[in-house]
Protein chains: 2
Amino acid sequence: MRRKVTLKQIAKELDVSISTVSKSLRDSPEISEDTRLKVQAFAKLYNYKPNNIALSLKNKKTKTIGIIIPEIVHHFFATVISGIEQVANECGYNVIVCLSDESFDKEVINMEMLANGSTDGFIMSLSKETQQKKDFHHLQEVINQGMPVVLFDRISNDILCDKVIIDDQLAAYEATNFLISKGLKKIALLTTVDYVSVGKLRTDGYLNVLHDHGIEVDESLIIRIEDTEHCDEKINELLENKSVDAILAVNELFAVTAIKLAMAKGIKIPEDLSVVAFTDGIISKYSTPTITTISQNGIKMGRKAAEMLIKRLELEDEEDEHYKTEIIETNLIIRESTKS
Amino acid sequence: MRRKVTLKQIAKELDVSISTVSKSLRDSPEISEDTRLKVQAFAKLYNYKPNNIALSLKNKKTKTIGIIIPEIVHHFFATVISGIEQVANECGYNVIVCLSDESFDKEVINMEMLANGSTDGFIMSLSKETQQKKDFHHLQEVINQGMPVVLFDRISNDILCDKVIIDDQLAAYEATNFLISKGLKKIALLTTVDYVSVGKLRTDGYLNVLHDHGIEVDESLIIRIEDTEHCDEKINELLENKSVDAILAVNELFAVTAIKLAMAKGIKIPEDLSVVAFTDGIISKYSTPTITTISQNGIKMGRKAAEMLIKRLELEDEEDEHYKTEIIETNLIIRESTKS
DNA sequence: TTTCAACACGAAAACGTTTTCGAAAGGTTT
DNA sequence: AAACCTTTCGAAAACGTTTTCGTGTTGAAA
């Protein structure tokens with residue numbers, strides 16, 4: 001077992017000083033060619049690589065990005081990480097991933113953990129609990145310390161920092177509009193409880209388009225699902241008691257569940273019922289029928305978030321304070337679950 | 001903007017030495033209660049937290065686990081990360097994730113990057129290219145340096161280290177056996193090319209069970225799919241030219257694709273064709289019909305891998321050299337895609 | 001012969017910790 | 001009063017880098 005070699009060991013072995021070794025390896029003109037080549041050869045032989053931790057301590061930069069998200073077994077979040085990792089990699093950064101598990105406490109703990117020197121900045125999406133409590137002191141703390149933070153998807157306007165989102169409201173508007181343009185009128189909405197920022201925005205978009213078309217809002221067509229547990233129950237209730245033409249679901253899971261339940265009742269899709277879902281994930285692509293979705297380009301979101309963060313990191317001194325909110329465009333991917 | 005406070009600053013402010021501050025905060029009996037309380041109060045006021053980087057450098061431990069996997073937008077790998085993160089969190093470790101993107105070069109680069117002090121050990125699953133080239137020098141290098149490595153799922157017997165896998169061969173055997181027990185004889189296999197370790201093992205299990213039942217192997221029923229591009233094409237060919245009773249697919253994607261293509265041809269599932277897939281992911285659970293799968297408990301694999309790695313890390317000195325291979329049990333989750 | 005520049009290298013500080021050891025001050029024992 | 005012990009603290013080393021500054025040697029110019 002050959003442990004990693006350090007500058008000190010090389011110096012000792014070659015009977016020169018540590019500084020000479022360091023300078024030689026960095027091709028400093030201060031060092032004579034003789035010594036330089038000798039040191040470089042020796043370093044290569046022993047496969048010397050500078051210790052990252054020591055560099056981080058010296059430079060006060062870790063070249064590491066902290067990602068804190070609610071969960072990772074989730075197609076959208078996985079794609080975002082993938083996007084972040086792409087640009088991080090291109091720029092020589094590593095990513096360290098923490099999961100809040102939708103818990104406020106875990107989010108705080110993870111953040112404090114990473115904030116003590118482990119990362120240069122954060123990219124995060126808020127946990128449900130955090131959005132509900134509206135307690136952002138952990139984020140504020142980190143920002144006050146001068147660490148850049150980029151929020152994506154599940155954001156809060158109470159926090160001043162860079163953000164990257166999709167225009168949830170507009171997307172919901174357009175998707176619903178698409179359904180209306182197909183002559184559908186009784187459009188149900190499967191959404192989450194309102195404290196989830198994106199759920200609220202999507203609901204707003206839905207409400208606006210109905211209003212703009214002079215369609216009266218039937219509150220009983222808006223199903224707010226808290227957890228996936230009572231999902232089936234609530235959807236069944238809707239399908240049995242109401243005659244609906246179409247469904248807009250704020251995520252794939254609600255959509256595919258609704259489709260399954262409907263088909264079980266002999267309701268034909270898309271003939272009797274059209275379905276559109278947010279989040280273009282695996283399920284929509286492979287379910288039967290395939291589901292028309294609003295694509296939420298996770299890769300692009302991740303890439304954008306990483307670019308914004310790294311830009312701030314490399315700018316360093318210039319505390320711009322001029323925070324931006326980037327909007328990633330969505331598009332409707334039309335598949336089999338909607339009438340053509 | 002209040003930057004993080006250090007021991008030195010506290011020391012200066014309180015007009016004591018750095019050592020005194022450090023000792024006070026760690027409740028050393030060397031320090032008088034007066035000074036101790038004074039320092040602690042001050043530290044609390046300024047929210048002092050030790051700098052992780054400095055600690056890492058001093059302790060020669062980063063409390064960080066490096067994860068290198070082929071991709072993250074993949075249900076199985078995401079669940080494994082989730083499992084790793086769980087125990088890592090419980091044990092006070094962080095995880096830093098790198099994606100090899102199925103590329104040998106990226107795997108090597110990421111590994112060398114992290115090996116220079118960034119992590120205490122690795123948990124990885126080999127990229128396709130690495131398995132094909134059978135070049136493991138980067139792993140060997142790291143292991144020689146005394147860093148523990150745990151391989152999962154896509155492993156190689158050429159590398160001496162801890163491993164955690166499922167018994168792919170047995171699982172394939174049992175799944176195929178299940179199909180045979182339902183009276184099915186003409187069982188096709190949708191697999192990957194042989195250099196992917198798990199693909200090979202699953203194929204072997206399939207072959208063994210046929211042999212044990214005295215069923216002759218029809219090579220034309222074994223479809224080796226290199227990339228997803230020609231997936232449809234090859235499966236269509238099979239369905240058109242051969243009469244098959246059942247299909248065993250080494251992943252969900254092949255299975256759901258086969259089901260879709262079959263249904264398009266009017267083949268009824270499971271009446272005319274039974275389908276079993278490896279990997280119990282999202283697709284199997286939500287496709288129509290739902291798919292019978294061999295569950296590959298990613299969470300448990302991740303947890304196990306993390307436990308093995310951390311155990312080695314905490315053991316530290318005792319270089320056991322006694323590497324273990326843990327086998328995670330699988331079970332057949334019977335759903336709608338197979339006859340009952 | 002003196003002065004000075006160029007060259008080649010080393011010492012030391014710095015990053016933020018922890019820990020070992022030494023030492024001053026005060027009190028207690030002979 | 002001398003010797004010794006306790007208490008309380010500080011100096012310094014160590015982890016592995018990079019970088020600034022100083023210094024000794026050489027050769028050339030005056």
Side-chain angles (χ1 to χ4, degrees), chain A residues 3-40 42-43 46-64 113-120 145-146 316, chain B residues 3-40 42-43 46-64 113-120 145-146 316:
Chain A
R3 288 225 173 267
K4 292 216 66 100
V5 64
T6 68
L7 286 186
K8 191 194 276 194
Q9 291 165 28
I10 299 182
K12 192 174 177 185
E13 209 71 29
L14 260 45
D15 203 36
V16 292
S17 76
I18 296 182
S19 351
T20 305
V21 178
S22 177
K23 287 174 194 162
S24 298
L25 295 176
R26 325 199 92 242
D27 281 324
S28 158
E30 276 186 60
I31 307 297
S32 71
E33 195 172 347
D34 263 16
T35 349
R36 191 160 51 74
L37 293 179
K38 188 178 62 178
V39 171
Q40 288 178 351
F42 192 90
Y46 282 85
N47 192 28
Y48 169 80
K49 296 276 170 51
N51 180 302
N52 287 330
I53 297 291
L55 286 180
S56 296
L57 184 59
K58 178 128 212 2
N59 302 332
K60 293 170 152 263
K61 283 191 185 175
T62 61
K63 283 277 194 176
T64 302
M113 179 114 216
L114 297 187
N116 297 323
S118 299
T119 64
D120 294 340
Q145 280 171 18
E316 181 74 55
Chain B
R3 288 226 173 263
K4 292 212 69 92
V5 64
T6 69
L7 288 186
K8 193 193 275 195
Q9 292 164 26
I10 298 183
K12 193 172 176 187
E13 209 71 29
L14 261 44
D15 203 38
V16 292
S17 78
I18 296 182
S19 351
T20 304
V21 178
S22 178
K23 286 174 195 164
S24 298
L25 295 177
R26 324 199 91 242
D27 281 323
S28 160
E30 275 186 57
I31 306 296
S32 71
E33 195 173 344
D34 263 17
T35 343
R36 193 162 49 76
L37 292 180
K38 188 178 64 179
V39 171
Q40 288 179 351
F42 193 91
Y46 282 85
N47 192 28
Y48 169 80
K49 295 277 168 54
N51 180 301
N52 289 330
I53 297 292
L55 286 180
S56 296
L57 184 59
K58 179 129 213 0
N59 302 331
K60 292 173 150 260
K61 284 192 187 172
T62 61
K63 285 278 195 174
T64 302
M113 179 114 214
L114 297 188
N116 296 322
S118 298
T119 65
D120 295 339
Q145 281 171 17
E316 181 72 57

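Per chain, numbering begins at 1; letters A, B, ... match sequence-line order. Just so you know, these numbers use all the heavy atoms, side chains as well, and skip hydrogens, waters and symmetry mates.
- Each of A:Asn59 and B:Glu33 has a nearest nucleotide on DNA chain D; the 5'-most of these lies closest to B:Glu33.
- With sequence neighbours excluded, no residue satisfies side chain to side chain donor-acceptor pair (under 3.5 Å) with B:Thr6.
- Under the salt bridge (charged side-chain N to carboxylate O under 4.0 Å, His left out) criterion, A:Asp34 pairs with no residue, sequence neighbours left out.
- Judged purely by distance below 3.5 Å, without hydrogens or angles, the side chains of A:Ser32 and A:Thr35 pair a donor atom with an acceptor atom.
- Once you apply a 4.0 Å limit to the heavy atoms of chain B, the touched nucleotides of DNA chain C run 5' to 3' over C:dC15 to C:dC21.
- Of the residues listed (A:Leu7, A:Ile10, A:Ile31), the one engaging A:Ser24 in a side chain to side chain contact (heavy atoms under 4.5 Å, CB included) is A:Ile31, and it is the only one.
- Across all strands shown, A:Lys60 has heavy atoms under 4.0 Å from sugar-phosphate atoms exclusively, and none from any base.
- Under a 3.5 Å cut-off, the side chain of B:Asn59 and the backbone N or O of B:Lys61 do not form any donor-acceptor pair.
- Taking both residues in full, the closest heavy atoms of B:Ser118 and B:Thr64 are given as O-CB, 3.7 Å, listed atom of the first, atom of the second, then distance.
- The structure places CG of A:Asn116 at 9.5 Å from CG of B:Leu55, a figure rounded to the nearest 0.5 Å.
- Counting heavy atoms of neighbouring residues, nucleotides and ligands inside a 6.0 Å radius, atom CG of A:Asp15 does not exceed 12 of them.
- Annotation: the terminal axes of the helix from C:dT1-D:dA30 to C:dT30-D:dA1 meet at 90°, where each axis is the rotation carrying the C1' atoms of four end pairs onto the next four (5 pairs per end, rounded to 10°).
- Remark: B:Glu30 pairs with B:Lys23 by the salt bridge (charged side-chain N to carboxylate O under 4.0 Å, His left out) rule, at least two apart or across chains.
- Residue contacts for B:Ser56: at a heavy-atom cut-off of 4.0 Å it reaches no nucleic acid atom on any strand shown.
- Residue-level contact check: B:Lys4 touches neither bases nor backbone, having no heavy atom under 4.0 Å from any strand.
- Taking atom NZ on B:Lys38 and atom C1' on D:dT8, their separation rounds to 12 Å, with Å as the unit.
- For the segment residues 18-25 of chain B, residues with any heavy atom less than 4.0 angstrom from an atom of DNA chain D are, sorted by number, B:Ser19, B:Thr20, B:Lys23.
- Note: CG (B:Leu7) to P (D:dA11) measures 15 Å, nearest angstrom.
- Side-chain contact check for A:Ser17 and A:Thr20: at least one donor-acceptor pair (N or O, by modelled atom type) lies under 3.5 Å.
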Run A:Lys63 and A:Asp120 through salt bridge (charged side-chain N to carboxylate O under 4.0 Å, His left out) and show every step you take.
CA-CA 6 Å; A:Lys63 283 277 194 176; A:Asp120 294 340; over 6 Å; no

